[in-house]
Amino acid sequence: VQLQASGGGSVQAGGSLRLSCAASGRAFSSYYMGWFRQAPGKEREFVAGINWSAINTYYADSVKGRFSISRDNGESTVYLQMNSLKPEDTAVYYCAAKISSSNRDYYSTAYDYDYWGQGTQVTVSS
């Protein structure tokens, strides 16, 4: 599967952005989808994940209550709605896909994932 992330940009603290990740190739509903981010000088970290049926979502503690992940299997797209953005949210955001038909499992480490998009920059100024 090929993943194309978009929607990044520059916003002030407290603002919002919506990231999109469009997938092409194998059936999108075969994948658990995740968002990760990587700030300069830091390791890539998990942000949010959603299972194939959208029954289960999972968030990093740092974004709970502010970010929301969703997906549209008909459009082969996963979204990350980011509200109340903080300067510490500044990073390159990546979408990732893991082959999974589970409704219970979640995946929060980078090595769990099979495919990665190219990343989109999010910059939050104070």
Side-chain angles (χ1 to χ4, degrees):
V1 66
Q2 291 79 45
L3 303 173
Q4 181 73 38
S6 61
S10 297
V11 296
Q12 290 191 327
S16 298
L17 282 174
R18 189 193 196 201
L19 305 184
S20 299
C21 176
S24 60
R26 180 174 172 165
F28 184 66
S29 59
S30 301
Y31 296 98
Y32 185 97
M33 299 299 297
W35 285 97
F36 287 75
R37 66 187 182 188
Q38 188 167 19
K42 295 188 176 182
E43 294 188 352
R44 192 168 297 190
E45 65 173 357
F46 173 78
V47 175
I50 187 168
N51 80 305
W52 73 274
S53 62
I55 288 177
N56 287 318
T57 57
Y58 185 62
Y59 296 92
D61 288 342
S62 58
V63 306
K64 279 181 183 176
R66 300 188 299 121
F67 290 12
S68 177
I69 188 171
S70 61
R71 67 189 293 161
D72 183 335
N73 287 345
E75 295 295 326
S76 298
T77 302
V78 63
Y79 304 97
L80 185 68
Q81 178 66 44
M82 305 186 295
N83 299 327
S84 303
L85 282 161
K86 304 175 181 180
E88 51 264 43
D89 294 319
T90 295
V92 177
Y93 283 72
Y94 299 89
C95 59
K98 175 181 174 56
I99 299 173
S100 174
S101 60
S102 173
N103 278 325
R104 296 191 302 174
D105 294 342
Y106 63 90
Y107 307 96
S108 61
T109 55
Y111 63 75
D112 286 328
Y113 288 78
D114 304 305
Y115 303 96
W116 291 84
Q118 86 291 0
T120 185
Q121 176 71 47
V122 171
T123 303
V124 185
S125 58
S126 57

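Worth knowing before you read on, the calculation uses all heavy atoms, side chains too, and leaves out hydrogens, waters and symmetry mates.
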With no hydrogens and no angle check, just 3.5 Å: does a side-chain donor-acceptor pair link Ser100 and Tyr107? yes
Any side-chain to backbone donor/acceptor pair from Arg44 onto Tyr94? Under 3.5 Å, distance only. no
Donor-acceptor contact present, side-chain Thr77 to main-chain Glu75, <3.5 Å: yes
I'd like to check the side-chain contact (heavy atoms from CB on, under 4.5 Å) partners of Val122; sequence neighbours left out, ordered by chain and number. Leu17, Leu19, Met82, Tyr93, Val124
Heavy-atom side-chain contact between Val1 and Tyr31 under 4.5 Å: yes
Minimum-distance pair of heavy atoms, taken over all atoms of Met33 and Leu3: CE-CD2, 4.0 Å
Which atom names give the shortest non-hydrogen contact between Gly119 and Val92, and what distance separates them? CA-CG1, 3.8 Å
Ser53 and Asn103: side chain donor to acceptor below 3.5 Å: yes
Say whether, by atom type as modelled, one donor and one acceptor occur between the side chain of Gln81 and the main chain of Ile69 under 3.5 angstrom. no
Is a donor on one side and an acceptor on the other found under 3.5 Å between the side chain of Asp89 and the backbone of Lys86? yes
With rounding to the nearest 0.5 Å, note down the distance linking OG in Ser76 to CD in Gln4. 14.0 Å
Would you say Thr120 and Ser6 make side-chain contact, with heavy atoms under 4.5 Å? no
Under 3.5 Å donor-acceptor, Asn51 side chain and Asn56 backbone: yes
Distance, nearest 0.5 Å, that separates OG of Ser102 from CD1 of Ile55: 10.0 Å
Closest non-hydrogen atoms of Ser20 and Trp35, given as atom of the first, atom of the second and distance, are O-CH2, 3.7 Å
So, do Phe46 and Tyr59 have ring centers that fall under 6.0 Å from each other? no
Kindly say whether Ser10 contributes a backbone atom to a donor-acceptor pair with the side chain of Thr123 at under 3.5 angstrom? no
If you compare all heavy atoms of Pro87 against all heavy atoms of Ser125, which two are closest, and at what distance to 0.1 Å? CG-C, 4.5 Å
Out of curiosity, Arg18 CZ to Phe67 CZ, how far, rounded to the nearest 0.5 Å? 14.5 Å
Closest heavy-atom contact between Ala91 and Gln121? O-NE2, 3.4 Å
Let me see the working for Ser24 and Gln2 under side chain to side chain donor-acceptor pair (under 3.5 Å), right down to the final yes or no. CA-CA 5 Å; Ser24 60; Gln2 291 79 45; 3.3 Å; yes
Would you give the length of the straight line joining atom CD1 of Ile99 to atom OG of Ser30, rounded to the nearest 0.5 angstrom? 7.5 Å
Please round to the nearest 0.5 Å and tell me the distance separating atom OH of Tyr32 and atom CZ of Arg71. 9.5 Å
SB check Lys64 Asp61 (cutoff 4.0 Å): yes
Worked verdict on Ser16 versus Asn83 for side chain to side chain donor-acceptor pair (under 3.5 Å): CA-CA 4 Å; Ser16 298; Asn83 299 327; 2.9 Å; yes
Do Arg37 and Val63 have side chains that approach each other closer than 4.5 Å (heavy atoms only, starting at C-beta)? yes
Within the 6.0 Å centroid threshold, strictly below: Trp116 and Phe36: yes
For a quick test of reading the model, state the closest non-hydrogen atom pair linking Asp72 to Tyr79 and the distance between them. CB-CE1, 4.2 Å
Could you state whether Tyr58 and Val47 fall into the same hydrophobic cluster, counting links through intermediate Ile, Leu, Val, Met, Phe, Trp or Tyr residues with side-chain heavy atoms under 4.5 angstrom apart? no
Donor-acceptor pair, distance only, cut-off 3.5 Å: does the side chain of Trp52 make one with the backbone of Ser101? yes
